[in-house]
Structure formats: C-alpha cells, structure tokens
Amino acid sequence: MSSEKVKLSRANILLIVVAGLASYMDAALLVSLGVALPIWTKYLSLNSWMVGLISTLLTVAVAVGSFIGGWLSDKFGRVRVFNADIFFVFLGSAIIAMSRNLTLLIIGVVIAGLASGADLPTSLAVISERMSNKVYGRAIATTQIFWTIGILLSQFIGFITANAGMGSPTALFGWIGLVALLNWFVRVFSKRFKAIEEDSVVPDNVIDSSTDKPAKKLRLGQLLKTGTFLGPLVLLTVFYLFWNLPANTWGSFVNYFLVTIDGQTQSFSTVIALVANIVCLLVNVVYLKVSDTKYRYKAMYLGIAVALIAFVASGSFSDQWQVFTVAYICYSGSTVLCGEALYKIWSQTFYPVEARATMTGFSYGLVRVFTAVFSLVTPTLMAFSPKLLLWIMVGCTVLFGSCALIIVALIKKWGLKDPTMNA
C-alpha cells in the first residue's frame, strides 16, 4: 500500500463540483417536498391520502429512475444521459414551483423524481471514469457534503419563507430548478468544461473514451447469472438496504418521533434535526481527510460501533427522550463513516466498467422500493412500540455491519484495486 496521497487536480475539482450539484439537487428535492407538504395540504385542500400519494410517488419515481437511468447511461453514454437527467430535474422542479393544482403537482413530482433517481448511478459512473481510484474516496465524500448542504439550505429556505403561503414551495423548487438549469448550461454549452470532461477520462476506467460508451454491452440478466458479479451485488444491496432503513427512518420521522412519541415541542425537534445535520457536515469534512488513506476502514469500524451503541442505548432506555436525543445526534455523525460513501466507492470497485451504472441503478432502485414500503408502516410501528422499532434498528445495524466486514474481506481476498489497503 502506497503512502503517497494523490492530489486532486483543478479538472478533478470542477468535475466533482458539477457532479456534486446532482447530489445537492437530489437531497434538496426530498427535503423541500417534506417542507412543502403541509403548505400544499392547506392551500390545495389535500386530504391525508393525497399527501401520502405525493410522498410515495416521489420515492417510487426515484426508484424507477434508478432502475432505468443506469441502464440508459450504459447503453447511450454516461455524459449524454447525465445531461438529460439534469435538464429534467430543472423541468420537474419548475413545474412543481408553478403548480397550483394537484394534477400539475403530481406531473412535476414524477418528472423530477425520475430524473433525480437516474442521475445517481450515472453521475457516479461519470466521476469514476475520469479519476484514479486513489481519489474516489475524496470525490464521493465531497458529493456527500453537497447532499448535506442540500438538506440544510432547503431547511433554511423553508424557514425564511414559512409565512409566505404558496410562495414557499415556489421559492424552494424554483431555486432547485435554477441550480439545475445553470448546471445544465455549463455541462452542455461550456466548451472549456466539455474539453475537461473529455480529456479527463482515465483509459483503464472506460472502454471507449472517444464515444463515452462501452464497446461491449452486457445485459443485466447476464450479470445476474455470473457469480463474481451477483455475489457483490447481493452483498452491496443488503449492506445499503440495512444501512438506509435506519438512516431514512430517522431522516424522515425524527420530528414525528420526538413530538408524537416523546412529547417534545416542534421547535425542539427541529433544532435537534438541525444539530444532527450540522454534525454530519462536520464529520464529512473530517472524512474527506481520511477517505483515501489507510484510515478509511478504521473510520468504518468506528462508525458501525457508534451506530450500534446509539441504537442499543436508545432501545434500552426508550422511555427517556434525553437518551434518544443524544443517541440520535451520535448516530447521525456515524452514518458518514460507514454508509452511503462506502456503498458508492464499492459499487465502482466491484462492478465491471461496461455495466457499472446499470448494476448500481438496479441495486439503488431495489433499496428505494424496500425503503418506501418500510416508511409506510413506520408511524404505526412507532405508535405500537417505540422500543420494538429501536431494536429493529439494532438488528439493521448488525446486518449492514456484518455485510461491511464481508465486503472488506472480499476486497482483500480478490486483490481488487483499493489504494487504502494492501492488495
């Protein structure tokens, strides 16, 4: 294992920023929808079923977009599909911002959700083809910072426009649409950026850099019948699913839990959620320093341990809101060290170049579907037994932690390219 740390070039940084904005927009869409739902409920006279429909439609659209987006990018070229994804995020967001009836709102949510889901596997493939695996960690950790900023900025915009009525959703989604449009203009019309994107392709990471399309096309069905690909796909999907279930549960329902179950005020729950997101951002900045070093997996072990301790403490003292509050903040910080960033790095490590986006999209889409189903029963489960829910989270942590250990062992056993450990 080399101790030399490869520096990010200006071209690397520009590519990361433009791709990171996709993560920003994905997070902003999800959070902005949550902020806007009570406003739409009031001004569009929505009932509880309609509210549930809008939220579920976004989750399902993201899942479907993940399924088809990766396949399309492997078939027609990553850059071409990524540009289209960004444009449709703009279009969907603009429609949502202008919506004054349920039909138009649903159309916008579906378009934005499909595009948002499709850009994750595509953006990862674009980055991995243009950078050495020695900087994957920093590149992907940076996109996670954009994700956290998307959450924080959307919460801030929602806060300052709280008394603006329908002007609040217009501001929230109008801003997302503006960011997407500017991103699209840079990607499509900037000759300098296009030159950087074309010249930055790492020959070992793409088969046909002149067309940005692989010469050899593998169908998903073929890949699922191949043990060397199916095994990692199952492991990575299970890892990400059981990491994502707790992360999504508390990201979506922490306010509900603290107010409805623990009897705290809305203001208190909002402040705790804000503190947790700030902790995530700070931990992510630190993770940037170690993500491409020998400390990547030591940080992972620490993250798994903190998550496990947090949930065990919460489950053991489920009637003490103080314990849950501290545990939740600690858990939120742990997610950076042992979650999505690793899943993204591993997906570029295990999957073949010619089907990397397809397999990532398939895996990500499956996880989103199961997460959506679990979200439907989460409020009922909270009301029935908060302790049971918290111990289910303990079980999820054990499962994703076990998968992580197996994945690291496979990387060592197969001698895969991972600059943070000995081959």
To the nearest 0.5 Å, atom CE of M393 lies from atom CZ of F311 at 6.5 Å
Check: S190 side chain, F193 main-chain N or O, donor-acceptor pair, under 3.5 Å: yes
Which atoms form the tightest heavy-atom contact between L233 and S363, and what is the distance? CD1-CB, 3.9 Å
Which of F82, F87, F88 passes ring-ring contact (aromatic ring centres under 6.0 Å, His included) with W184? It is F87
For I86 versus A22, what's the shortest heavy-atom pair and its separation? CD1-CB, 4.3 Å
Step-by-step side-chain contact (heavy atoms from CB on, under 4.5 Å) determination, M25 to N183: CA-CA 10 Å; M25 289 181 284; N183 194 349; 3.7 Å; yes
Which heavy atom of V279 sits nearest a heavy atom of G333, and at what distance? CG1-CA, 4.0 Å
Would W250 and F324 count as a close aromatic pair, with their ring centres under 6.0 Å? yes
Check the surroundings of atom CG in N163: do more than 12 heavy atoms from other residues, nucleotides or ligands lie under 6.0 Å from it? no
Pairwise distance SG(C338) to CD1(I304) - rounded to 0.5 angstrom: 5.5 Å
Taking the six-membered ring for Trp, are Y343 and F239 ring centroids under 6.0 Å apart? no
Which atom pair, heavy atoms only, marks the closest approach of L172 to S32? CD2-OG, 3.8 Å
Please check this pair: side chain of S73 against backbone of G70, looking for a donor-acceptor N/O pair closer than 3.5 Å. yes
Considering residues, nucleotides and ligands other than W391, do more than 12 of their heavy atoms fall under 6.0 Å from its CH2? yes
Pairs of donor and acceptor atoms involving the side chains of residues 104-122, under 3.5 Å and at least two apart or interchain, shall be tabulated with distances.
from, atom 1, to, atom 2, distance (Å)
S116, OG, D26, OD1, 2.7
T122, OG1, A118, O, 2.8

Does the pair V336 and Q144 meet the rule for a side-chain contact (heavy atoms from CB on, under 4.5 Å), with working shown? CA-CA 8 Å; V336 176; Q144 292 302 109; over 6 Å; no
In terms of heavy-atom contacts, T420 and S291 come closest through CG2-O, 4.0 Å
Is any side-chain heavy atom of L152 less than 4.5 Å from a side-chain heavy atom of L274? yes
Compare all side-chain heavy atoms of V79 with those of R187 and state whether any distance is below 4.5 angstrom. yes
For the OG atom of S154 and the CD1 atom of I149, what is their distance to the nearest 0.5 Å? 11.0 Å
Would you mind reporting whether V306 and Y331 have side-chain heavy atoms less than 4.5 Å apart? no
How far does CG of L288 sit from CZ of R138, to the nearest 0.5 angstrom? 9.0 Å
Ring centres under 6.0 angstrom apart (F173, W40): yes
Beyond-backbone contact of S23 with K344, side-chain heavy atoms, under 4.5 angstrom: yes
Determine, stepwise, if the pair S375 / N248 fulfils side chain to side chain donor-acceptor pair (under 3.5 Å). CA-CA 8 Å; S375 294; N248 183 77; 3.1 Å; yes
Is atom OH of Y328 surrounded by more than 12 heavy atoms (other residues, nucleotides or ligands) closer than 6.0 Å? yes
In sequence, state the C-alpha distance, the side-chain angles, and the governing distance for W147 and T143, and then conclude on side-chain contact (heavy atoms from CB on, under 4.5 Å). CA-CA 6 Å; W147 177 277; T143 65; over 6 Å; no
Determine whether more than 12 heavy atoms belonging to other residues, nucleotides or ligands lie under 6.0 Å from atom NZ of K387. yes
Quick check: closest heavy atoms across E340 and Y364, and the distance to 0.1 Å? OE2-CE1, 4.4 Å
Residue pairs fulfilling side-chain hydrogen bond (donor to acceptor under 3.5 Å, both in side chains) with at least one residue in residues 92-103, sequence neighbours excluded: R100-T170
Compare all side-chain heavy atoms of I96 with those of P169 and state whether any distance is below 4.5 angstrom. no
Tell me whether F370 at atom CZ has more than 12 heavy atoms from other residues, nucleotides or ligands lying less than 6.0 Å away. no
What do you reckon, is CZ of F317 surrounded by more than 12 foreign heavy atoms closer than 6.0 Å? no
Taking the side chain as every heavy atom from C-beta outward, state whether I145 and V285 have any pair of such atoms under 4.5 Å apart. yes
Test side-chain contact (heavy atoms from CB on, under 4.5 Å) on M359 and L236; report intermediate values, then the result. CA-CA 10 Å; M359 296 187 75; L236 286 179; over 6 Å; no
Can you measure from CG (L245) to SG (C396) and round to the nearest 0.5 angstrom? 5.0 Å
Distance col, row L416:CG vs T349:OG1, nearest 0.5 angstrom, shows 7.0 Å
Evaluate the side-chain proximity of L46 to I54: yes if any heavy-atom separation is below 4.5 Å, no if none is. yes
Determine which pairs satisfy side-chain hydrogen bond (donor to acceptor under 3.5 Å, both in side chains) with at least one residue from residues 295-308, sequence neighbours left out, and list them in order. D292-R296, R296-D418, Y297-W346, Y297-D418
Check T59, V60, L53 against T56 for a side-chain contact (heavy atoms from CB on, under 4.5 Å) and give me the one that passes. V60
Measure the shortest side-chain to side-chain distance between I392 and L381 over non-hydrogen atoms and say whether it is less than 4.5 angstrom. yes
Centroid-centroid under 6.0 Å between F268 and W321 rings: yes
